[in-house]
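As the structure is a prediction and not an experimental result, all values here were calculated from the model. Reckoned from all heavy atoms, side chains included, excluding hydrogens, waters and symmetry mates. We name chains A, B, ... by the order of the sequence lines, and we start the count at 1 in each one.
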Amino acid sequence: MFSLASIATMAACIFLFGLFFSLVWNFTSIVKGAEEGVGVTVFFEADIEQAKIDEIGDAIKARPEVKEVKFVSADEAWDEFKSDYFGNKAEGLEEGFKDDNPLANSASYEVYVNNIEDQAGLVSYIETLDGVRDISKSDVAAKTLSTVNTLIGYVAVAIILILLVVSIFLISNTVSIAISVRKSEISIMKLIGATDLFVRGPFILEGVIIGIIGAAIPLGGLFFVYEKACTYILTKFSVLASFINPVPRGQIFEILIPVGLVLGVGIGLVGSIITVRKHLRV
Amino acid sequence: MFSLASIATMAACIFLFGLFFSLVWNFTSIVKGAEEGVGVTVFFEADIEQAKIDEIGDAIKARPEVKEVKFVSADEAWDEFKSDYFGNKAEGLEEGFKDDNPLANSASYEVYVNNIEDQAGLVSYIETLDGVRDISKSDVAAKTLSTVNTLIGYVAVAIILILLVVSIFLISNTVSIAISVRKSEISIMKLIGATDLFVRGPFILEGVIIGIIGAAIPLGGLFFVYEKACTYILTKFSVLASFINPVPRGQIFEILIPVGLVLGVGIGLVGSIITVRKHLRV
Amino acid sequence: MIDLDRVSKAYAKGQPAVDEISLHVDKGEFVFIVGDSGSGKSTLIKLLLKELEPTSGTITVNGQVLNTMKRRRIPKYRRGVGIVFQDFRLLKDRNVYENVAFAQRVIGYPSRVIKKRVPETLRLVGLAEKYKSLPKQLSGGEQQRVALARALVNRPEILLADEPTGNLDPGNSYDIMKLLEEINERGTTVLVVTHNKELVNTFKKRVITMRRGVIAHDEEEGEYIEA
Amino acid sequence: MIDLDRVSKAYAKGQPAVDEISLHVDKGEFVFIVGDSGSGKSTLIKLLLKELEPTSGTITVNGQVLNTMKRRRIPKYRRGVGIVFQDFRLLKDRNVYENVAFAQRVIGYPSRVIKKRVPETLRLVGLAEKYKSLPKQLSGGEQQRVALARALVNRPEILLADEPTGNLDPGNSYDIMKLLEEINERGTTVLVVTHNKELVNTFKKRVITMRRGVIAHDEEEGEYIEA
Ligand SMILES: Nc1ncnc2c1ncn2[C@@H]1O[C@H](COP(=O)(O)OP(=O)(O)OP(=O)(O)O)[C@@H](O)[C@H]1O
Ligand SMILES: Nc1ncnc2c1ncn2[C@@H]1O[C@H](COP(=O)(O)OP(=O)(O)OP(=O)(O)O)[C@@H](O)[C@H]1O
Ligand SMILES: [Mg+2]
Ligand SMILES: [Mg+2]
C-alpha cells in the first residue's frame with residue numbers, strides 16, 4: 001500500500017519531468033531553427049565581374065562558422081521583393097517598373113551561419129574582402145533571436161530545475177512517510193538483534209525497485225505517446241510543418257531514459273537510506 | 001508529521017500549477033501581441049481623390065472587428081520598404097531611384113483587426129468598397145499565427161490539465177497515506193461509539209486547513225516573486241522589452257489566488273472525506 | 001438483557017471460533033467467561049460489540065437485534081456498552097485524560113461533566129497522577145487501567161471486559177474486580193473474560209467456561225474449571 | 001552473568017522508574033521479578049536489553065559493560081538474549097512462521113536449520129497449526145506464545161520474559177513456565193517478570209520483589225509477597 005503510493009508519486013513526478021524535458025527541447029530546437037533562418041546579405045560593388053563574385057563566394061564558404069551561402073541574382077532579388085512585400089497581388093505595381101528592375105545593381109550572397117552568435121565576427125571579416133560594397137544584416141532580428149534563445153535557455157533550465165527539486169521533494173516526502181509507518185517494525189527488528197545492514201537491506205532494495213518501476217512507467221508512456229503527439233500536431237497544424245521540426249524520438253529518449261532511471265533509482269535509494277537511518281537508532 | 005507532509009505536497013503541486021499558469025498566460029499574451037501586429041494593406045485605384053480615400057477609411061473604421069487603421073502615404077511606404085528590406089545600409093540603392101519613387105502609386109491603409117480570425121471576413125467586405133484597387137494580406141503570416149495560437153492554446157490547456165490531474169493525484173495520495181496511518185485510531189473511535197460525523201469532523205477540518213496553508217504558501221511566494229521575475233527579465237533581456245509585455249500581476253492573481261485556494265481546500269476536503277470514509281466501516 | 005441464539009463465527013473455513021453458542025444473561029448479572037487460550041472468548045465479546053458479524057445465529061441485546069441493526073444506529077448502541085479490549089486500544093496521540101474524556105465527548109457530555117467525571121474515574125483505577133501521560137509512557141498495567149477507566153466513565157448499562165487484569169499484580173487485580181462488582185451492584189450488567197483462577201474462585205459469580213468455541217460449563221456461583 | 005551497580009532510570013524529573021538498583025544474577029539462575037503495576041519491572045528488562053540507557057549506574061552482562069558498548073556491537077549482544085516483550089511486538093506483516101524465523105535469519109542460520117528449528121519451537125508452545133496466521137488473526141494468548149517462541153528459537157544464553165503468561169489460561173501458563181524451567185536447566189539464565197502469584201509460589205525460585213523502583217525483597221526459593 002505504501003510502496004504503491006511511493007511508486008505512484010515517483011511515476012507522476014518523472015512523468016512531469018519527462019514531459020517538460022521533451023517540450024523544452026522541442027521548443028529550443030524550433031527557436032534554433034528560426035535563428036538559422038536569419039542571414040546576412042552581401043552586396044557587391046557596381047559593375048563587378050562574375051569571377052570576382054565567385055571568388056568572394058569561395059572566401060565566405062571557407063569560413064568554418066558559415067553554414068550556407070546562396071547567390072541571389074538581381075532578377076531573383078526583385079521577384080522575391082515583390083512577393084515579400086506585396087504578396088501575390090503585385091500586378092498593378094509591376095506596371096510602374098516593367099523592364100526597369102529597380103534592384104538592377106543588387107545581386108547578392110545570402111550567408112547563413114551555424115550559430116547566430118558568430119554572425120558579428122563573420123560580418124567584420126566579409127567587410128575586409130575586396131569587391132564587397134555593403135553588408136546588410138538584420139541587427140534587430142539577430143539580436144532578438146539570440147536574446148530569445150538565451151531567455152528560453154534560462155527559462156528551460158529553471159523549469160527543469162524546479163521540477164527536479166519539486167520531484168525530489170515530493171518523492172522523498174512520500175518515501176519517508178512510507179518508511180516511518182514501519183518505524184515500529186524497524187525498532188522490533190533491531191531489538192531482536194538485527195544489524196543496521198540487515199534492516200536496511202530490504203528497504204534499500206524496495207527503494208531501488210520503487211525507483212525503477214516508478215521511472216519505467218512514465219518513461220514508457222511518454223515514449224509511446226511522443227511520436228503520436230508529434231504526428232498529431234503536424235497533421236492537425238499542417239501550416240506549422242515547415243518550421244516545426246520535432247526532435248526525433250530517439251534523440252530525446254537517448255538522454256531522457258537514462259536520466260529518468262538514474263533519477264528514480266537515485267531518489268528511491270537515497271530516500272530510503274536516509275529515512276531508514278533516522279529510525280535505526282534503537 | 002503526516003499533516004506536514006500533506007501540506008508540503010499540496011504546496012509543491014500548487015506552486016507548479018501557479019508557475020505554469022503564469023507562464024502560459026504570459027506566453028499566450030505574447031503570441032496574441034504578435035498576432036495583432038499582422039494587418040492587411042488596402043491599395044487604392046490610380047488617381048483617386050483624397051476625399052474618397054477618407055471615405056474608405058471611415059467605412060473601414062466603422063467595422064466592429066477593426067482595431068486600428070493607419071494611413072501610409074506613398075513616401076512613407078517607400079521609406080519603410082527601404083529600411084525593411086535593406087536595413088540602414090540602403091544609401092547605394094537609393095541612388096538608383098532618386099526622385100523616382102517606385103511606389104508612387106502606393107498610398108495605402110494598414111488595417112489591424114482585434115482578432116486574427118476575423119481578418120478574412122473583413123477583407124471580403126473591403127473588397128466591395130468603391131475605389132479599392134487591391135488588398136494585400138499576408139496569408140501565410142496570418143494563418144501561421146492563427147495556427148500557432150491554437151496550438152499554444154491546446155498545449156497550454158493540456159499542460160494545465162495534466163498538472164491539475166497530477167496534483168490532485170499526488171495530494172490525494174499523500175492525504176490518503178496520512179489518514180490510513182490513523183486507520184486504527186479511527187476504528188477505535190468508532191468502537192467507542194463515535195458517529196461517522198464525529199470521527200470525520202476533525203479530519204475534514206484538518207483537510208481544509210491543509211488546503212488553505214498548502215495553497216497560501218506557494219501563492220504568496222509566487223505573488224512576491226512574479227513582479228521581480230518580470231522586472232528581471234525585462235532588464236536583463238532589454239531587447240525583448242518591445243514585444244514582451246508581461247501580464248500585470250493583479251490580472252493573473254485575481255484568477256490564480258481564488259483558483260489555487262479553491263483547489264487546495266477542495267482537494268484537502270475531498271481527499272479527507274473519501275479516505276476517512278474508507279476507514280469508517282467498523 | 002443479552003441473548004445469543006445459536007451464534008457461530010468462523011473466520012475461515014473449518015473449525016469456527018464460536019460454534020453455535022446459545023446464551024442468556026439477565027440484566028444486572030455478573031458473569032465470568034473463562035477458557036483456554038484460543039477458545040473464542042474475545043470473539044464472543046467482539047460479537048457483542050458488533051465489531052464482528054456472526055456467521056449465523058441471532059444476537060439480541062437490550063431488545064435490539066444486532067444482526068439487523070442499521071448502520072447509523074450502531075454508535076448509539078455502543079455508547080451503552082463499556083468495553084475493555086484485551087489489547088487496550090488506546091488512542092496513541094492523546095494523553096490519559098483525553099483518552100478517557102473521549103468516551104464522554106462522543107456522547108456529547110458538557111465539559112463541566114467531563115471535568116468532574118474523568119478525574120473521578122481515573123482516581124477509581126488509581127491513575128489520578130498519570131493523567132498527562134501518553135499511552136507509550138505508561139507501564140502495561142497502567143495502560144490496562146486507562147482502558148478500564150474509559151469503559152467505566154459513562155456508567156454503561158453493559159460492561160464487557162476482556163482480560164482486564166492480565167497485566168496487573170494480584171493486589172491491583174483484586175481492587176479492580178471489587179470495583180467491577182460495585183458497579184455491577186449499581187445495576188450494570190458485567191461480563192468479564194479472565195484467566196485469573198484465584199479471582200474467579202474468590203468472587204463466586206456465574207462462570208461460563210468455553211472450550212473450542214462452545215460453552216462447556218455454565219454455573220451459578222461457579223469455580224474456575226481447567227480443561 | 002548479570003550485574004547491576006546502583007542503576008537508575010528516570011524517564012522525567014522526579015521519582016525514577018528504577019532507583020539505584022544493585023543486583024547480581026549468576027549464570028544459570030532462574031529469577032522471578034514481581035511487583036506492583038508501575039514498579040519498574042519492564043524498565044529493568046529494557047535496561048538489560050539496552051533498549052533504554054540508564055540515567056546512572058553500570059550494567060554488566062556476560063562481562064560486557066552495556067553502558068559503554070559500541071553501537072555496532074549491540075546487535076551481537078542482543079542475539080544472545082531471548083526476549084518476550086510485555087506487548088509482544090510481533091512483526092505485523094509477517095506470519096507466525098516468519099516472525100519466529102526472523103530471529104534466526106538475523107543471526108544468519110542456514111535455512112536448513114531454520115526449517116527444522118522453527119516448527120519445533122512452535123510445537124513447544126502449542127502453535128504448530130497456526131504457523132501461517134498473521135498476528136492479527138491470533139488470539140491474545142496465541143500472540144504471546146509466538147513472542148515466546150521467537151525468544152526461544154535461538155536457545156539464548158539469557159532469557160528475559162516480561163509477563164509471558166499474562167494472557168494465558170492457568171493450564172497454558174503452567175506449561176509455559178515448566179518449559180522455561182526446562183530451558184533454564186539446560187543452562188539458560190532466565191528472568192521472568194510475572195504477576196502470577198500461584199506460579200511463583202509453585203515453582204519456588206529466587207523472587208525479586210520491586211516496589212516503586214527499588215528492590216524491596218530478594219529471596220531464594222521465595223514466595224510472592226504482596227505490597
Ligand atoms: N481475525 C482473525 N482471523 C482468523 N482467525 C482468528 C482471528 N481472530 C481470532 N482468530 C482465531 O479464532 C480463535 C479464537 O480466538 P479468540 O481471540 O476468540 O480467542 P480467546 O478465547 O480470546 O483466546 P485468548 O485467551 O488467547 O485471548 C483462535 O484460534 C484464533 O486464532
Ligand atoms: N516511556 C516512558 N516515559 C515516561 N514514563 C514511563 C515510560 N515508561 C514507563 N514509564 C513510567 O515508569 C514507571 C515504571 O514503568 P514500568 O513499565 O517499568 O512498570 P512495570 O513494573 O513494568 O509495570 P507493569 O506491571 O504495569 O507492566 C511507571 O510509573 C511508568 O508510568
Ligand atoms: Mg482473547
Ligand atoms: Mg511492565
Chain C and chain D: which donor-acceptor pairs fall below 3.5 Å?
unit_1	atom_1	unit_2	atom_2	d
Ser37(C)	N	Asp169(D)	OD1	2.8
Ser37(C)	OG	Arg145(D)	NH2	2.7
Gln86(C)	NE2	Asn167(D)	OD1	3.1
Arg145(C)	NH2	Ser37(D)	OG	2.7
Asn167(C)	O	His195(D)	NE2	3.1
Asn167(C)	OD1	Gln86(D)	NE2	3.0
Asp169(C)	N	His195(D)	ND1	3.4
Asp169(C)	OD1	Ser37(D)	N	2.8
His195(C)	ND1	Asp169(D)	N	3.4
His195(C)	NE2	Asn167(D)	O	3.1

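With sequence neighbours left out, the side-chain contact (heavy atoms from CB on, under 4.5 Å) criterion links Ile21(C) to Leu4(C), Val18(C), Leu23(C), Met210(C), Ile215(C).
Most heavy-atom pairs under 4.5 Å with chain C, from the set Gly140(D), Ala12(D), Ala17(D): that is Gly140(D).
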